[in-house]
Amino acid sequence: VTNLSIPGFYDISNGTGQPTVSANESEKRTYGYFADINLGYKDYLFLNASGRYDFTSTLPDGDNSYFYPAIGVSYVLTDAMPDMKNDILSYMKATVSNSTVYNDLGPYLTNETYGQSSGFPFGELNGFFQTGTAVDSGIKKEKINTTEVGLNMNFLNGRFKLDATYYKTSSTDLITFTTPSNASGATSYLTNIGKVEGKGYELLLEGTVLKMNDLSWDVSVNYSSSEQKVISISEGVDEITIASYGGEFGVFAIVGEDFPQIKAASYTRDPQGRIVIDPATGNPIKDDLKNFGKTTPDYILGMNSTINYKNFSLSATMDYRTGHVYYEEGSDAMEFPGVSRHSASAGRQDFVIPNSVIEVSEGVYEPNTNIPVTGGRQDYWTNTYNEIKENYVKDATALKLREISLNYSLPSSLTDTLPIESMRIGLIGRNLFTWLPEENAFSDPEFNNSTGNAIGVGGYLQSPPTKSIGFSVNVEF
């Protein structure tokens with residue numbers, strides 16, 4: 001209600017006019033059956049098997065249930081063959097497992113829904129409009145099957161540990177929001193992607209590098225590599241749009257390529273990769289959307305380090321990721337009004353594009369040495385450079401010092417005189433340093449504008465990452 005008669009008294013009776021009300025309620029029901037069995041043989045061979053059968057109200061009748069089993073076997077080699085143990089190898093275990101899980105939909109997502117429209121069709125008549133999400137009439141549950149093989153080893157009586165894992169996943173009917181044709185009248189389309197297969201490796205090596213008297217140094221190094229490849233989408237479809245931004249760039253799923261991929265409007269180039277210009281204006285010729293690569297890293301390398309000396313502890317965490325790209329939307333937005341670094345790079349003057357060529361006849365190119373761009377003061381940057389979105393696809397490599405902490409634990413001679421078991425005080429700093437490639441001087445590629453599958457577009461709708469330094473006190477009673 002509006003126009004409160006008594007300020008601060010929020011009640012329907014205290015206002016005039018028609019109350020504005022809304023309701024947003026949903027209901028989902030699930031139930032299932034679960035069974036689990038564990039078997040062991042002589043404390044070195046173990047089998048675990050489980051099964052779950054679920055029913056959900058959010059899927060169509062006749063296809064609203066699913067069974068997902070899991071089975072795993074572990075074999076402790078050093079217990080089965082004690083002669084394997086020696087001064088170096090103290091423990092070895094091999095594991096293999098396979099599991100299948102399903103994902104269903106949220107409430108009311110199997111059909112298009114309607115919302116109440118104020119003033120439609122006119123006056124106080126009640127009207128409804130269809131929401132912007134169109135739904136595939138054949139949409140179904142998502143299936144994910146995972147096979148994993150692992151090896152765990154301890155060395156020097158547990159001082160060093162190695163964990164190695166290889167996994168392979170197969171996702172069928174991946175539930176995804178895509179961008180449909182503008183002619184459909186919808187802003188998004190909920191459908192299934194046929195099949196995506198993934199594989200990866202994870203290695204973890206940790207141990208005590210140095211140990212003497214009151215001094216010790218523990219280090220943990222982790223390496224992970226993951227690949228997701230689109231095997232199929234649907235019959236006759238080799239590519240779908242996960243997110244489109246004005247048709248000039250976007251995130252795509254492409255058969256035969258890693259998932260997901262960035263495509264953007266590009267320069268027209270000659271066979272040597274040089275930019276082709278229009279001889280009448282000196283401006284580059286815009287080409288169609290081009291694939292610039294995947295938005296997930298080839299690998300991630302992380303390290304944790306802790307140095308202990310008497311009651312002091314100094315810890316640090318950092319990681320490095322590389323092999324991927326992202327669309328840096330912040331620079332794109334700054335280019336249009338002419339406040340970007342690029343737009344001032346030529347002193348607001350016309351200039352000759354480096355490494356550009358002119359097509360003098362079909363398939364024949366000559367270097368451009370004297371034809372400058374048109375409107376270098378501002379128009380070129382706003383209406384030409386800004387329209388070739390290739391300019392904003394950046395290397396997403398990043399090295400980050402995520403955390404450093406210094407802690408001091410009070411000695412027992414002090415805590416014994418207090419009604420506490422222990423007390424630790426410390427300083428902690430987070431997100432202290434980030435090293436990025438020279439071409440990416442604007443934003444952190446880890447901060448995306450989307451939380452869904454359309455990862456790889458960032459630097460604009462997210463608040464910038466911040467450093468923080470804090471003080472902590474931990475008391476145990």
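Index from 1, following the sequence.
Qualifying ring-ring contact (aromatic ring centres under 6.0 Å, His included) partners for F129, counting only residues two or more places apart in sequence or in other chains: none. For Q272, the side chain to side chain contact (heavy atoms under 4.5 Å, CB included) partners two or more places apart in sequence, or in a different chain, are D270, R274. Y299 meets the ring-ring contact (aromatic ring centres under 6.0 Å, His included) test with Y223; sequence neighbours excluded. Listed by chain and residue number, V360 satisfy the side chain to side chain contact (heavy atoms under 4.5 Å, CB included) test with E366 (two or more places apart in sequence, or in another chain). Legend: residues meeting salt bridge (Lys or Arg N to Asp or Glu O under 4.0 Å) with E359, ordered by chain and number and at least two apart, are absent. Taking F128 as the reference, nothing meets the ring-ring contact (aromatic ring centres under 6.0 Å, His included) condition, with sequence neighbours excluded. Legend: residues meeting ring-ring contact (aromatic ring centres under 6.0 Å, His included) with Y320, ordered by chain and number and at least two apart, are absent.
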Side-chain donor-acceptor distances from residues 371-383 under 3.5 Å, at least two apart:
{"residue": "T374", "atom": "OG1", "partner": "T281", "partner atom": "O", "Å": "2.6"}
{"residue": "Q378", "atom": "OE1", "partner": "R348", "partner atom": "NH1", "Å": "3.4"}
{"residue": "Q378", "atom": "NE2", "partner": "T382", "partner atom": "OG1", "Å": "2.4"}
{"residue": "D379", "atom": "OD1", "partner": "N383", "partner atom": "ND2", "Å": "2.5"}
{"residue": "W381", "atom": "NE1", "partner": "S343", "partner atom": "O", "Å": "3.4"}
{"residue": "W381", "atom": "NE1", "partner": "G376", "partner atom": "O", "Å": "3.1"}
{"residue": "T382", "atom": "OG1", "partner": "F336", "partner atom": "O", "Å": "2.8"}
{"residue": "T382", "atom": "OG1", "partner": "Q378", "partner atom": "O", "Å": "3.4"}

Listed pairs under 3.5 Å, donor-acceptor, residues 428-436 side chains, sequence neighbours left out:
{"residue": "R430", "atom": "NE", "partner": "E403", "partner atom": "OE1", "Å": "3.2"}
{"residue": "N431", "atom": "ND2", "partner": "T466", "partner atom": "O", "Å": "3.2"}

Validation: residues 64-74 side-chain donor-acceptor distances under 3.5 Å, sequence neighbours left out:
{"residue": "S65", "atom": "OG", "partner": "Y53", "partner atom": "OH", "Å": "3.3"}
{"residue": "Y68", "atom": "OH", "partner": "R52", "partner atom": "NE", "Å": "3.2"}
{"residue": "Y68", "atom": "OH", "partner": "D54", "partner atom": "OD2", "Å": "3.1"}

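Two residues are said to be in side-chain contact when any heavy atoms from C-beta on lie closer than 4.5 Å; V393 and F249 fail this criterion. Looking only at side-chain heavy atoms (C-beta outward), T110 and T58 stay at 4.5 Å or farther from each other. Inter-residue side-chain proximity for S315 and N304 is flagged as unmet; no heavy-atom pair is nearer than 4.5 Å. Two residues are said to be in side-chain contact when any heavy atoms from C-beta on lie closer than 4.5 Å; Y326 and E446 fail this criterion.
Here the side chain of K294 pairs a donor or acceptor atom with the backbone of T296 at under 3.5 angstrom. Put simply, the side chain of D63 never gets that close to the backbone of P60: no donor and acceptor are under 3.5 Å apart. With T268 contributing its side chain and I285 its backbone, the two residues share a donor-acceptor pair below 3.5 Å.
Taking a cutoff of 4.0 Å between a charged side-chain nitrogen and a carboxylate oxygen, R269 and E390 qualify as a salt bridge. Between E197 and K195 a salt bridge is recorded (basic side-chain N to carboxylate O distance below 4.0 Å).
For E142 and N103, the side-chain atoms include at least one donor-acceptor pair closer than 3.5 Å. Under the 3.5 Å distance criterion, with hydrogens and angles disregarded, a donor-acceptor pair is assigned to the side chains of T133 and S188. Donor-acceptor pairing under 3.5 Å is lacking for the side chains of D332 and Y245.
Residue pairs meeting the side-chain hydrogen bond (donor to acceptor under 3.5 Å, both in side chains) criterion with at least one partner in residues 225-236, sequence neighbours excluded, are Y167-S226, K229-D258. Screening residues 256-294 for ring pair (Phe, Tyr, Trp, His ring centres under 6.0 Å), with sequence neighbours left out, gives no hits.
Other residues, nucleotides and ligands contribute over 12 non-hydrogen atoms within 6.0 Å of the NZ atom of K286.
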Could you go step by step and tell me if K140 and D136 meet the salt bridge (Lys or Arg N to Asp or Glu O under 4.0 Å) rule?
CA-CA 9 Å; K140 61 188 73 173; D136 187 340; over 6 Å; no
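With F252 as the partner, the side-chain contact (heavy atoms from CB on, under 4.5 Å) test is satisfied by one option alone out of N291, I240, T241: T241.
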